[in-house]
2 protein chains.
Amino acid sequence: MRAAALRLFARHGFAAVSMRQIAAEVGVQAGALYLYTPDKQALLFELMRDHLEELLADWRAPDAAPVAQLEDFVRHHIRFHLDRPELVFIAYMELRNLTPENFAVIEGLRRDYEDRLEAILRAGQQAGDFAVPDTKLATMALIAMLTGVTTWYREGGRLDRAAVAGIYWDMVRKAVAA
Amino acid sequence: MRAAALRLFARHGFAAVSMRQIAAEVGVQAGALYLYTPDKQALLFELMRDHLEELLADWRAPDAAPVAQLEDFVRHHIRFHLDRPELVFIAYMELRNLTPENFAVIEGLRRDYEDRLEAILRAGQQAGDFAVPDTKLATMALIAMLTGVTTWYREGGRLDRAAVAGIYWDMVRKAVAA
DNA sequence: GTCTATACTGGGATAGAC
DNA sequence: GTCTATCCCAGTATAGAC
């Protein structure tokens with residue numbers, strides 16, 4: 001059910017997908033879905049929450065210099081996001097369709113992730129490795145740039161994942177370099 | 001009507017907004033809207049098309065060196081997007097809700113805009129001013145980074161527009177520098 | 001655990017009065 | 001040009017049979 005909801009939400013948007021469609025994709029009638037979820041909102045919220053919790057659980061800053069930490073972050077971010085383009089899409093596009101309480105939870109998780117990148121940038125700034133006039137702005141700019149890879153990358157295209165990650169890392173490294 | 005639709009689509013999403021809501025915002029009954037638009041889809045399409053056409057009409061590359069062209073592009077892009085956060089949001093988020101024919105038109109306009117940035121990067125690469133391993137990737141990365149400013153910038157915040165544009169330009173300049 | 005059937009609400013769009 | 005009224009269809013969610 002979750003896989004079907006994920007696919008349909010990503011393709012058509014949460015508001016445009018009906019419980020009937022999800023049921024058809026699963027191969028049951030709509031009523032049967034309510035054995036597994038209290039409502040459609042919970043389906044969306046749990047997809048987003050689990051996605052962000054996995055993102056946070058999957059990566060910790062290595063015990064290394066800021067530049068090495070940043071490279072690790074960039075390469076992990078790209079790999080993780082390219083592995084889950086549909087979840088990434090939903091987690092960004094469907095924020096408006098969360099109830100206020102659910103939105104607050106998701107925003108908190110997103111903030112936790114941003115804080116990790118900002119901590120790296122601040123450490124590198126203080127160590128003199130980076131020249132970043134504003135670490136918060138740089139955090140937002142870099143995450144937007146990196147996450148954008150999911151909008152254009154296609155498997156089997158001109159560049160493979162390693163090449164893409166290498167080029168992004170090159171741009172990030174130069175952008176924040178002292 | 002267009003202003004009301006813009007506001008509501010940006011806040012709740014195209015699929016979640018009803019013609020009745022738009023009518024209420026305008027101060028008429030739903031039926032009256034059909035004097036001005038054939039249907040809800042046209043309302044969305046025209047908002048997006050006019051937005052992108054204005055983006056294209058509003059900027060031409062100045063007759064200057066690639067670095068100066070790039071700076072002009074970056075500052076214009078940020079100014080234009082910060083002036084229209086709702087249109088920017090819709091033009092990206094609601095692509096899925098366009099009919100295939102309308103989607104093709106919007107995609108063409110978007111491509112035209114990307115091509116302008118890519119032309120600058122290619123010229124700078126050939127002139128030896130830039131070191132960009134892949135101009136298409138760099139184009140997508142830079143546009144994602146710059147457009148992301150609309151997701152966090154708030155008027156009256158810690159940084160004003162000029163400061164924000166300056167910091168973004170600094171990151172862009174360094175990211176593509178030879 | 002899944003189905004059929006349905007309650008209830010609301011959607012887009014149109015007709016015809018004024 | 002706008003309103004009221006309505007058509008027809010689809011939505012979420014639930015009840016009760018099997």
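So you know, we letter chains A, B, ... as the sequences are listed, proteins then strands, and number each from 1. If you're wondering where the values come from, they're calculated on a predicted model, not measured in any experiment.
- Rounded to whole angstrom, the span from the CG atom of Leu35(A) across to the C1' atom of dT14(D) amounts to 12 Å.
- For Leu33(A) and dT4(C), the CG to P distance is 14 Å, given to the nearest whole Å.
- Enclosure of atom CZ in Arg2(A) by more than 12 non-hydrogen atoms of other residues, nucleotides or ligands within 6.0 angstrom is indicated.
- In this structure the side chain of Lys136(A) never reaches within 4.5 angstrom of the side chain of Trp152(B), judged on heavy atoms.
- Nearest-nucleotide mapping onto DNA chain D: of Gln21(A) and Ala30(A), the residue sitting toward the 5' end is Gln21(A).
- The base of dG11(D) lies close enough to the side chain of Arg20(A) for a donor and an acceptor atom to sit less than 3.5 Å apart.
- One interatomic measurement links the two molecules: CD1 of Ile22(B) to C1' of dT2(D), which rounds to 17 Å at whole-angstrom precision.
- Picking from dT12(D), dA13(C), dT2(C) the nucleotide with the shortest atom distance to the side chain of Met19(A) gives dT12(D).
- Atom-to-atom, CG of Asp39(A) to P of dA13(D) comes out at 5 Å; the value is rounded to the nearest Å.
- Comparing dG11(C), dT2(D), dC3(C) against the side chain of Ala32(B) picks out dT2(D) as the nearest.
- Using a 4.0 Å heavy-atom distance criterion, Val26(B) is classed as making no nucleic acid contact.
- Between Tyr34(B) and the phosphate of dG1(D), there is no side-chain N or O to OP1/OP2 separation shorter than 4.0 Å.
- Distances shown here put every side-chain N or O of Ser18(A) at or beyond 4.0 Å from the OP1 or OP2 atom of dA10(D).
- Glu114(B) and Thr139(B) form no side-chain donor-acceptor contact under 3.5 Å, judged by distance and modelled atom types alone.
- What separates CD of Gln41(B) from P of dG11(C) is a distance of 18 Å, to the nearest Å.
- For Leu8(A) and dG11(D), the CG to P distance is 12 Å, given to the nearest whole Å.
- Using bins of under 30°, 30° to 60° and over 60° for the plane-to-plane angle, the ring pair Tyr113(A)/His77(A) lands in the parallel bin.
- Stacking of Arg7(A) on the aromatic ring of Phe9(A) is not recorded, the 6.0 Å distance cut-off and the 45° axial limit not both being met.
- Residue Gln29(B) has its side chain nearest to dT4(D) when only dT2(C), dT4(D), dC3(C) are considered.
- Ranking dT2(D), dG12(C), dT12(D) by closeness to the Val28(B) side chain, first place goes to dT2(D).
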